Amino acid sequence: MSKKQKMSGAEAFVECLNKEQVEVIFGIPGGALLPIYDELYDSDIRHILVRHEQAAAHAADGYARVTGKVGVCIATSGPGATNLVTGLANAYMDSVPMVAFTGQVPTSMIGNDAFQEANITGITLPITKHNYLVKDAKMLPDIMREAFYIASTGRPGPVLIDLPKDVQTDAIEFEYPKSIKLRGYKPTSKGHPLQIKKAAKVIMEAERPIIYAGGGVVISGAHAELLALAETLMAPVTTTLLGIGAFPGAHPLSLGMVGMHGTKYANYAMTESDLIIAVGARFDDRVTGRLDGFAPNAKVIHIDIDAAEISKNVAAHIPIVGDAKNILTELIKEIKRKPKSKWNEKIEKWQKEFPLEYDRKSKELKPQYVVEQIYDMCPDAIITTEVGQNQMWAAQYFKYAKPRTFITSGGLGTMGYGFPAAIGAKVGCPDKTVIDIAGDGSFQMNSQELATAVINDIPVKVAILNNKFLGMVRQWQEMFYDKRYSATRLDTSPDFTKLAEAYGALGIEVTKPGEVRDAIKEALASDKPVVIDFKVAPEENVFPMVPAGAAINEVIDYGGKI
Amino acid sequence: MKHTLSVLVENKPGVLARVSGLFSRRGFNIDSLAVGVTENPEISRMTIVVEGDDRILEQVIKQLNKLVDVIKVSDIKPESSIDRELALIKVEAGPKERSEVMQIADIFRAKIIDVGTKTLVIELTGDVSKINAMTDLLRRFGIKEMVRTGKVSMLRGIKAARGE
């Protein structure tokens, strides 16, 4: 018995979104999407109109990262589609499950350089997990089912579906496919039992183990298993930027972040370890520093769902391909409790000797102080960040207790990500406080989304650490280019409080350390979107720092010079 | 070192761009690439010759496997496979040189498929070294044009580089 219904491609599109239980999509309409937007008009799916398509992609990304569901965004053909590109690349680098839809000129006009035509499947080939150009409306249900499956399984990532206008209007016999037929896509989820046994043996023999956890732990939901592993072994845990939240930041075994702006003790522990247990991390260059100086005496157990990440940068002695949660569950069964060791004592000594530091006695408003106060006043908030110094301070001075609470652009390093991502995060978790820790440079890359936040009543808070510079670039110019501040001064920024008010948000200005807590209190009490303009010390630098090309134990301390 | 990969892919538009794009953006060099449909019309086979050490080869194979439209990647070892390439070679040969060129073609079991007043076109099938040897011999007559298909490979015996 077939339950086929006759409907248009646009109707089928909405029906498929319903079947995938999509509750919200972020987007902007356009000529090539008119049939779809006409259907959305009557649909129960919440559509959030953003002010720039890049923000639609980042909002879908932020929504996906806090909820674990697939984020959905939509943009029209040509410029709408190309405006999604940064957001897709961002989601691809950070393995975020996302499905993006683009309008396209009618199939008969494709390739003719028609008005608002762009070859978006060609453009996004290297920055999507997969993409589709739908040439026949009959294919749409299969393609949409596949897209959501591909985006959310294995190593997640963005999938783009390009929808020509005639495909949206053509009539089809609709039936949602029950199964998926993908010969070439079969992600591994269970780890190889023999490899797990081997890993357990090496772990029990190790004297100086370190767990190195990445975004894969968060994605897989393996945080409880990770905690059990660490506590059973008494093994210290360091995380990547995207791994923050995978392990409680205030836990005694937590070393914080490793790498370029990681803690000194994490970098020392990594360097002196005899075993790295890497879980869902990819040994990125910001983590390893100079490769030949990276953990020279360590064996490497590498657990990752993506086989291509294993031995890509650092050779793995024991690779285990599969889902982190599955593998850690099995691994824990194979290991025994270990007592506190000399290695733990050594690390504790480092932790006491080399804490994160800044000039706490200064009369200036220090950005690190602002982040500490935000942490103190709302430790359970979801924090999104922009990119640069603000991002590093948000990573260092806020101790994230839970996964999916630190939302940041890791791989691509997209300035302008944090604010729209915060909007998406707040839509996904309306009951949580969502704060974008921003810089004055980054915030201006998507500040137009204040309109989106205000109109749709999405009360996110933005804490601008306003140093009147493109701060991270200025820091490098100070340290490596003789203080020649080429094009990094942002003296002519608008008054951010007035900008916020112009959009109908609340603006608060803070110039002194004594005003910080009151401002945060006021922001949290307001039911509106709020921008706090913290006028911080302009030439504060992020430390510790490992300069480019150095090994990760060659650390510059606070206030240090190269 | 050169490696030969036999890659089964979905016979869909854009697959070649996905595969070749992957090679270029990851900085892998393609020596040759031949594509054609298999015994199953939904599936095509690409024979790709790639230059690189074992580490690069491992990355190439893993990255190819990540493509949704790639069904199976097999690393074809020369000792367990048969390789063939086809070449069309247009040689400058007037009446004086014609018989000598034809003799060479004969020795290589190549075919003359076109004769002009000043040229001959030779069709040659064989492994890569045979084609190289013959072109070396023909060079002194003057090669006006040459087209090579790139290598195709198949495992010997009962084994097949087939997807499930």
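Naming convention: chains lettered A, B, ... in sequence-line order (proteins, then strands); numbering from 1 in each chain. All values below come from the heavy atoms of this structure, side chains included, with hydrogens, waters and symmetry mates left out. Treat the numbers as computed from the prediction; the structure is a model and nothing was measured.
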Novice: Taking CG in B/Asp136 as the centre, count heavy atoms belonging to other residues, nucleotides or ligands within less than 6.0 Å. Is the count above 12?
Specialist: yes
Novice: Hey, is NZ on A/Lys135 packed in by over 12 heavy atoms from elsewhere, all under 6.0 Å?
Specialist: no
Novice: I'd like to know whether CZ of A/Arg155 has more than 12 heavy-atom contacts from other residues, nucleotides or ligands below 6.0 angstrom.
Specialist: yes
Novice: Which class fits the ring pair A/Phe101 and A/Phe148: parallel under 30°, tilted 30 to 60°, perpendicular over 60°?
Specialist: tilted
Novice: Applying a heavy-atom distance below 4.5 Å, give me the residues of residues 12-28 of chain B that approach chain A, sorted by number.
Specialist: B/Pro13, B/Ala17, B/Arg18, B/Arg25
Novice: Is any side-chain N of the basic residue among A/Asp136 and A/Lys138 closer than 4.0 Å to the acidic one's carboxylate O?
Specialist: yes
Novice: Using only heavy-atom distances, determine whether the side chains of B/Thr4 and B/Lys151 contain a donor-acceptor pair under 3.5 Å.
Specialist: yes
Novice: What I want to check is whether the side chains of A/Thr121 and A/Asn131 have a donor and an acceptor closer together than 3.5 Å.
Specialist: no
Novice: Kindly determine whether B/Ile48 and B/Val7 satisfy side chain to side chain contact (heavy atoms under 4.5 Å, CB included), including the steps that lead there.
Specialist: CA-CA 8 Å; B/Ile48 306 172; B/Val7 185; 3.9 Å; yes
Novice: Can you confirm if the aromatic rings of A/His130 and A/Tyr185 lie within a centre distance of less than 6.0 Å?
Specialist: no
Novice: Apply the side-chain contact (heavy atoms from CB on, under 4.5 Å) test between B/Ile113 and each candidate in B/Leu120, B/Ile122, B/Leu88; give the one that qualifies.
Specialist: B/Leu88
Novice: Answer yes or no: is there a side-chain heavy-atom contact under 4.5 Å between A/Asp142 and A/Arg145?
Specialist: no
Novice: Need one label for A/Leu133: side chain, backbone, both or neither, based on atoms under 4.5 Å from any heavy atom in chain B.
Specialist: neither
Novice: With only heavy atoms counted, which part of A/Asp306 is less than 4.5 Å from chain B, the side chain, the backbone, both or neither?
Specialist: side chain
Novice: Looking at A/Ile150, A/Leu125, A/Leu182, A/Ile310, which makes the most heavy-atom pairs under 4.5 Å with chain B?
Specialist: A/Leu125
Novice: Which of residues 60-70 of chain B have a heavy atom under 4.5 Å from any heavy atom of chain A?
Specialist: B/Lys62, B/Gln63, B/Asn65, B/Lys66, B/Leu67, B/Val68, B/Asp69, B/Val70
